[in-house]
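What follows is one structure encoded as structure tokens, with my remarks underneath.
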2 protein chains.
Amino acid sequence: MKERKRKYFHPIEVTLDVVCGKWKGVILCLLQERDFRFGELKDQLSSVTPKVLTQQLRELEEDGLIARTVYPQVPPKVVYSLTSYGKELEETLRMMEKWGRAHQKKVGENYNKEVSEAGLS
Amino acid sequence: MKERKRKYFHPIEVTLDVVCGKWKGVILCLLQERDFRFGELKDQLSSVTPKVLTQQLRELEEDGLIARTVYPQVPPKVVYSLTSYGKELEETLRMMEKWGRAHQKKVGENYNKEVSEAGLS
DNA sequence: CTGTATCCGGGCCGATACTG
DNA sequence: CAGTATCGGCCCGGATACAG
């Protein structure tokens, strides 16, 4: 569904490759709290369409971050949860959350757009 | 150059929005070590084209993560360095690096593709 | 050395409708 | 309830050439 690079030049590319999807960060943060059903996730991410949500979830699953548990009943019930690999991201996610909260107002404001000029080297 | 979302539903989106570019993670990791000139970055990221490298750097600059210092001389010399905001990402980047190194072999291998079925809820 | 300018293909993501 | 199917726009990122 999503082709991963075979070769990475730097380990951080692995993490970013896996976490950089429109909704993946929030999904992973939510799943740190507790397990979620498909519909619950859809409610939390109010503007996501079912197709895209499914895509994001499938990719996270393929990359081993989350698990999908199907309860065979009618109507169907599907629960998403973190795997141990996903849980190991918890600290990282928390730090990203913290940084984001701290700098939310700064991002994209061009607050340092003045050109800095230094003397000769 | 790159439009940022006005509203974020979750703080982690801010961080991901800023860090998710093809070369941004590696660039930020490199700059943790020391300052780099444009050409040095180009050498480290062997397959990047100057246009794309410039784009990535400009966006990081707009978002306040890095600073661009021009030495007015011939031939020109431009040095990129972390701002204090960029430095605050250091711990986060290190953790992403660590997770990536640990799970590089797992990612994209579909190692848990078997369907898990649970009993009735 | 440090970039711009131009062209362009592919993939991410959304809208909408339909299904077991 | 938890998804598929289909269509399509936009923008990211690469190729290539050129510039101060």
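Proteins get letters first, then strands, A, B, ... in listed order; numbering begins at 1 in each. Keep in mind that what you see is a predicted model, and the values were worked out from it rather than measured.
Note: CD (B/Q56) to P (D/dC12) measures 10 Å, nearest angstrom. One can place NZ of A/K51 at 11 Å from C1' of C/dT16, the figure rounded to the nearest angstrom. In this structure, B/L16 atom CG and D/dC12 atom P are separated by 16 Å, rounded to whole Å. Taking atom NZ on A/K22 and atom P on D/dG9, their separation rounds to 18 Å, with Å as the unit. One interatomic measurement links the two molecules: CD of A/Q73 to P of D/dG3, which rounds to 13 Å at whole-angstrom precision. Nucleotide C/dT4 holds its P atom 11 Å from the CG atom of B/L53, rounded to whole Å. One atom, CD of A/E61, and another, C1' of D/dG3, lie 13 Å apart when rounded to the nearest Å. Regarding A/L57, its CG atom lies at a distance of 13 Å from the P atom of C/dC13, rounded to whole Å.
Remark: B/E90 engages B/R94 in a salt bridge, criterion side-chain N to carboxylate O under 4.0 Å. Contact check on B/R58 versus B/E62 returns no salt bridge, with no Lys/Arg side-chain nitrogen under 4.0 Å from an Asp/Glu carboxylate oxygen.
Transitive grouping of hydrophobic side chains (ILVMFWY, heavy atoms separated by less than 4.5 Å) brings A/M96 and B/W99 into a common cluster. Hydrophobic clustering places A/V26 together with A/V18 (ILVMFWY residues linked when any side-chain heavy atoms are closer than 4.5 Å, directly or through intermediates).
When distances run from any side-chain atom of B/P75 to the nucleotides D/dT16, C/dC1, D/dG3, the shortest one goes to C/dC1. Considering only the side chain of A/T49, C/dG14 comes nearest among C/dG14, D/dT4, C/dT2. When distances are taken from the side chain of A/K77 to each of D/dA2, D/dG14, C/dA17, the shortest belongs to D/dA2.
Listed pair A/R58 / D/dA2 fails the phosphate criterion, with no side-chain N or O lying under 4.0 Å from OP1 or OP2. An OP1 or OP2 oxygen of C/dT2 is reached within less than 4.0 angstrom by no side-chain nitrogen or oxygen of B/R68.
Nearest-nucleotide positions on DNA chain C place A/V48 closer to the 5' end than the other of A/V48 and A/P76.
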For the pair A/W23 and A/L53, evaluate side chain to side chain contact (heavy atoms under 4.5 Å, CB included) and give the outcome as yes or no after the intermediate values. CA-CA 8 Å; A/W23 306 95; A/L53 180 55; 5.7 Å; no
Give the intermediate values and the outcome of side chain to side chain contact (heavy atoms under 4.5 Å, CB included) for residues B/L89 and B/L82. CA-CA 10 Å; B/L89 266 179; B/L82 287 180; over 6 Å; no
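Within 4.0 Å (heavy atoms only), B/V78 reaches sugar-phosphate atoms of the nucleic acid but no base atom.
Listed by residue number, there are no residues of residues 25-47 of chain A with a heavy-atom contact under 4.0 Å to DNA chain C.
Taking five base pairs at each end of the helix from C/dC1-D/dG20 to C/dG20-D/dC1 and finding the rotation axis that steps the C1' atoms of four pairs onto the next four gives two axes whose angle is 60°, to the nearest 10°.
Between B/L57 and B/L41, some side-chain heavy-atom pair lies under the 4.5 Å cut-off.
In this structure, B/Y80 and B/F38 have tilted ring planes: the angle between them lies in the 30° to 60° band.
Each of B/L60, B/L28, B/I27, B/V14 was compared with B/V19 under the side-chain contact (heavy atoms from CB on, under 4.5 Å) criterion, and only B/L28 meets it.
With sequence neighbours left out, the salt bridge (Lys or Arg N to Asp or Glu O under 4.0 Å) criterion links B/E40 to B/R34.
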